[in-house]
Amino acid sequence: MLIYDCTIIGGGPAGLNAALVLGRAKRNTLLIDEGKPRNAVTQESHGFLTRDGITPQEFRAIAYEEVLGYPSVMHKQDRVDTIQRDEKGFLLQTSKGETVLTKKIILATGLKETLPLIPNIHQYYGKSLFVCPFCDGWELRDKPLVILAKGDRAFHLAKMVYNWSQDLIICTNGDSDLSTGQLHLLQKKGIQVLENRIIAIEGDDKKMNAIAFHNRESLSRQGGFVDVEWTHASELQDTLGCETDEEGAVKTNIIGQTNIPGVFAAGDTSIIAPSQLIIAAGEGSKAAIGVMKELTDEEFLD
């Protein structure tokens, strides 16, 4: 059986860039990806120099063409179900019944989000409602916007989004959980806080134009930002015994190593937040260099 130098689990920007670096290093590399990207609802990706405004589908197509141009990189559209340590490294079993033997692993499985329980919010998520102002704030600049969040997250989002538009209203869909001090600061900036229960987001197929409340009132808004709950898209980090921080992010050192020898983590897996493409790609490059260092050190042992 072929023993891969490294298997990368996850084909987002972190996993793809890790594969690129390892492919250029002539390492036998396997990239396993289900082909179900989290950002499938995203219309455009921003903040990546030379690729600003690219669609996620186009980005992935270009990336795969480049990565698979290196003969040492193989790709399987599959899911890793189990991982066991083997005397030669790690033994992976996939959902399609394949067995993979690999010396090193890079976890780049990313995150999944849970949206607030607001009727028809999914219809506008990724089209008018977003999570990252650095990614989508420019397109919503100077428009009347809503912040769908409560507590510290609402306060943080409002402060950030205020840079792109000062026409902001926070809708908490119930108790605001904001402190007296936070409410005072928001009021000074002219940011209203509404606690009314939301019954629907109104608009056409893509663009929201209003929020309807339980008391039959309506608020005109053209877009906004929403706080979501982030969790790991995979449980493999738990299966392997990787340490995580209080937020759930996999702990790594400066070169992406986890506490488990031979296991590295990159991208959102080690950040537990939706990072921009350019940051995730950089994380993948860092982890790949870490893998190369570990492989090289082992090969030069007496």
Side-chain angles (χ1 to χ4, degrees), residues 6-22 31-34 36-42 45-49 51-52 54 56 59-60 63 80 104-115 125-126 130-137 149 151-153 155-157 159-161 225-260 262-291 293:
C6 183
T7 295
I8 302 162
I9 307 173
L16 284 163
N17 215 78
L20 178 64
V21 172
L22 290 170
L31 177 63
I32 300 179
D33 176 40
E34 283 191 88
K36 299 177 181 179
R38 182 193 63 78
N39 63 352
V41 299
T42 303
S45 298
H46 295 280
F48 199 127
L49 195 62
R51 291 290 183 265
D52 191 50
I54 195 170
F59 179 88
R60 285 168 60 85
V80 176
K104 309 294 176 187
I105 293 172
I106 295 179
L107 296 174
T109 46
L111 304 173
K112 60 182 178 181
E113 68 268 68
T114 301
L115 297 177
Y125 183 60
F130 306 94
V131 295
C132 173
F134 291 101
C135 299
D136 299 289
D152 292 339
R153 287 297 302 160
F155 187 63
H156 171 74
L157 264 177
K159 288 194 299 180
M160 296 302 298
V161 176
F225 292 87
V226 56
D227 180 36
V228 305
E229 181 182 345
W230 298 104
T231 54
H232 286 284
S234 168
E235 297 180 354
L236 293 175
Q237 70 283 340
D238 298 326
T239 300
L240 287 163
C242 297
E243 291 183 359
T244 58
D245 63 18
E246 61 276 5
E247 300 296 327
V250 175
K251 290 183 178 180
T252 63
N253 65 9
I254 196 170
I255 56 172
Q257 290 172 313
T258 71
N259 62 301
I260 304 301
V263 178
F264 294 71
D268 295 347
T269 303
S270 59
I271 301 174
I272 207 69
S275 56
Q276 287 187 298
L277 290 180
I278 197 164
I279 295 174
E283 285 276 308
S285 179
K286 179 179 70 175
I289 292 170
V291 166
K293 179 183 183 304

From [X] atom [atom1] to [Y] atom [atom2], the distance as rounded to the nearest 0.5 Å:
X    : Y    : atom1 : atom2 : value
E113 : Y125 : CD    : OH    : 3.5 Å
L22  : C6   : CG    : SG    : 5.0 Å
R51  : I278 : CZ    : CD1   : 11.5 Å
I255 : I289 : CD1   : CD1   : 9.5 Å
L277 : D52  : CG    : CG    : 10.0 Å
L111 : D268 : CG    : CG    : 4.5 Å

### Query
So, does R60 use its side chain to make a donor-acceptor pair with the main chain of G11 at under 3.5 Å?
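The answer is yes, because a donor-acceptor pair under 3.5 Å joins these two groups.
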
### Task
Determine yes or no for a side-chain-to-main-chain donor-acceptor pair under 3.5 angstrom, with H46 supplying the side chain and G137 the backbone.
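The answer is no, because no donor-acceptor pair under 3.5 Å joins these two groups.
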
### Residue list, side chain to side chain donor-acceptor pair (under 3.5 Å) with D238, at least two apart or on another chain
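D238: no side chain to side chain donor-acceptor pair (under 3.5 Å) contacts found.
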
Nearest heavy atoms of [X] and [Y], plus distance in Å:
X    : Y    : result
P13  : A280 : CG-CB, 3.8 Å
S270 : E283 : OG-OE1, 3.1 Å
H232 : G248 : NE2-O, 2.6 Å
L157 : V131 : CD2-O, 4.3 Å
F225 : D136 : CZ-C, 4.2 Å
L31  : G15  : CD1-O, 4.1 Å

### Query
Under the ring pair (Phe, Tyr, Trp, His ring centres under 6.0 Å) test, which residues partner F48, sequence neighbours left out?
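In terms of ring pair (Phe, Tyr, Trp, His ring centres under 6.0 Å), with neighbours along the sequence ignored, F48 is linked to F59.
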
### Query
Has D152 got more than 12 heavy atoms of other residues, nucleotides or ligands less than 6.0 Å from its CG?
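Count not over threshold, so no.
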
### Message
Checking I279 against I271 for the side-chain contact (heavy atoms from CB on, under 4.5 Å) test, could you report, in this order, the C-alpha distance in whole Å, the side-chain angles of both residues, the deciding distance, and whether it holds?
### Response
CA-CA 10 Å; I279 295 174; I271 301 174; 4.3 Å; yes

### Residue among I8, I106, T269, V250 satisfying side-chain contact (heavy atoms from CB on, under 4.5 Å) with F264
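Result: among I8, I106, T269, V250, I106 is the only option passing the side-chain contact (heavy atoms from CB on, under 4.5 Å) with F264.
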
### Task
Evaluate side-chain contact (heavy atoms from CB on, under 4.5 Å) for L107 paired with C242, printing each intermediate quantity in order.
CA-CA 10 Å; L107 296 174; C242 297; 4.2 Å; yes

### Query
Quick one: side chain to side chain donor-acceptor pair (under 3.5 Å) pairs with a partner in residues 242-255, sequence neighbours left out?
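Side chain to side chain donor-acceptor pair (under 3.5 Å) check on residues 242-255 returns N253-Q257.
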
### Task
Give the intermediate values and the outcome of side-chain contact (heavy atoms from CB on, under 4.5 Å) for residues I260 and I105.
CA-CA 10 Å; I260 304 301; I105 293 172; over 6 Å; no

